[in-house]
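Residue indices begin at 1 and follow the sequence shown. If you're wondering where the values come from, they're calculated on a predicted model, not measured in any experiment. Each ligand, and each atom within it, is numbered from 1 in the order the structure gives.
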Amino acid sequence: MTLDAPREVRTGRSVAKVYDYGAHVWSWTLDSEPVLWTSERSVFEHGKALRGGVPICWPWFGPGRSGNLTPAHGLARISDWTLTGLDESSGTTVLRYTLTAAASPEVLSGADWTVTYEVSIGDDLELALTVANQGETDFSYELALHAYLTVGDVRQVAIGGLDGATYLDKVTRQRESQTGDVTITAETDRVYDRAGEVVVTDPVLGRRLRIRTEGAANTVVWNPWVAKAGAMPDFGDDEWPGMLCVEAGNVLDQAVTLAPGEAATLRYGVAVELT
Ligand code: BG6
């Protein structure tokens, strides 16, 4: 079944499109320039993940810690979320989405939880996802806000903020340590053991994307490069130079465990600076 059209939010300088399906921020433009990347080959069908914007990976990341969970990146991005709030004030619009164990028990079976997602659209994009444990037993999850960023040419960007951080290289399966800025010269799929501020300097588009995160332990940097892009049916063969994923999350051995009554929030913000 084809998805309903996304909600369109317009503020002073920005326009965003957000699907209730997946609570998926699909696009965000500032002064008419796209900041989030969207694939022209994305599929818009229930049961399939969108390719672009900001998928929510929950309650597991990729194939999960066991390495054998499906669907990839968990069920949140292919679930119908409920819009529970819409506030407009002075140049910022906030959408509030909720996903609950009562409505979607299959997502994290056996647990009682509520996920609340606040999307603030304005001159910056601010995302805040809160998982609350309302049950009587602990549960664990992985989580990532899997932002696809638009870049002029991924081969020319510099990603700052990760110097000295250790990471798992998912392409080679080796653990490494970052020296200097991250640059993209081949298929790149890395889980860094650090989150915080990451700055993507883009000389082609003449801008810096300043990414601020809170509540995350990991930064994931992903670009599929030529062969992997060619192998994905929902990713155009020539689209990979124009995108870069800089994701914030708590994955692998940084998965979160919530005791009864506890809640945890992951925040991800993007600000654009022209250079
Ligand atoms: C990244 C992962 O976050 O997402 C990659 O690190 C993965 O391994 C990529 O290929 C895309 O995943 P998917 O399920 O949306 O094709």
Side-chain angles (χ1 to χ4, degrees), residues 3 19 21-27 36-79 107 127 129 141-151 154 159 162 165-176 178 182 184 186-195 198 200 211 213 216-237 239-255 266 268:
L3 301 185
Y19 285 93
Y21 177 71
H24 196 122
V25 180
W26 175 241
S27 62
L36 298 179
W37 179 87
T38 57
S39 171
E40 290 179 3
R41 294 283 190 86
S42 182
V43 175
F44 300 92
E45 279 174 29
H46 277 269
K48 302 243 164 104
L50 303 179
R51 180 67 68 196
V54 189
I56 297 171
C57 305
W58 189 79
W60 61 86
F61 180 77
R65 284 165 286 170
S66 62
N68 60 7
L69 297 181
T70 56
H73 289 324
L75 285 154
R77 67 175 177 167
I78 55 168
S79 296
V107 174
L127 308 171
L129 190 143
Y141 60 85
E142 293 175 287
L143 169 64
L145 293 175
H146 189 310
Y148 286 78
L149 305 172
T150 295
V151 294
V154 77
I159 305 161
L162 295 166
T166 52
Y167 63 91
L168 171 66
D169 187 326
K170 289 173 67 180
V171 178
T172 63
R173 297 169 191 245
Q174 301 294 310
R175 288 205 64 84
E176 309 280 357
Q178 181 64 38
V182 182
I184 309 292
E187 180 186 348
T188 301
D189 192 354
R190 299 178 182 174
V191 179
Y192 284 89
D193 304 315
R194 181 190 292 172
V198 173
V200 178
I211 293 152
T213 67
N218 306 109
T219 302
V220 179
V221 177
W222 181 60
N223 179 279
W225 207 254
V226 181
K228 189 154 185 191
M232 288 188 284
D234 62 348
F235 200 117
D237 290 356
E239 289 186 311
W240 62 268
M243 59 71 70
L244 173 69
C245 285
V246 177
E247 312 161 33
N250 295 288
V251 309
L252 298 170
D253 54 3
Q254 297 296 328
L266 171 63
Y268 187 105

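In summary, the atoms of ligand 1 found under 4.0 Å from a heavy atom of E247, numbered by their order in the structure, are 1 (C), 3 (O). Counting the atoms of ligand 1 from 1 in the order shown, those under 4.0 Å from a heavy atom of A72 are 14 (O). Ligand-side atoms of ligand 1 in range of D189: 2 (C), 5 (C), 6 (O), 8 (O), range being under 4.0 angstrom from any heavy atom. Using a 4.0 Å cut-off to heavy atoms of H146, the atoms of ligand 1 that qualify are 1 (C), 3 (O), 4 (O), 9 (C), 11 (C). Proximity to K228 (heavy-atom distance under 4.0 Å) selects the following atoms of ligand 1: 10 (O).
The structure places CG of D169 at 8.0 Å from CD of Q174, a figure rounded to the nearest 0.5 Å. A distance of 9.5 Å separates NE2 in H24 from NE2 in H146, rounded to the nearest 0.5 Å. Taking CH2 of W37 as the reference point, atom CD of E239 lies at 4.5 Å (rounded to 0.5 Å).
Between Y19 and W26, the two ring planes are perpendicular [angle over 60°; tilted spans 30° to 60°].
Within the 4.0 Å heavy-atom criterion, the part of R77 lying near ligand 1 is the side chain and not the backbone.
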Report the C-alpha distance between R173 and D189 in whole Å, list the side-chain angles of each, state the deciding distance to 0.1 Å, and finish with yes or no for salt bridge (charged side-chain N to carboxylate O under 4.0 Å, His left out). CA-CA 10 Å; R173 297 169 191 245; D189 192 354; over 6 Å; no
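There is a side-chain donor-acceptor pair under 3.5 Å between D193 and T166. Side-chain polar atoms of R51 and Y148 form a donor-acceptor pair below 3.5 angstrom.
Scanning the protein for heavy atoms near atom 12 (O) of ligand 1, the closest one is H73 NE2, 3.2 Å. W222 CH2, 3.6 Å is the protein heavy atom nearest to atom 11 (C) of ligand 1. Among all non-hydrogen protein atoms, the one lying nearest atom 13 (P) of ligand 1 is R51 NH1, 3.6 Å.
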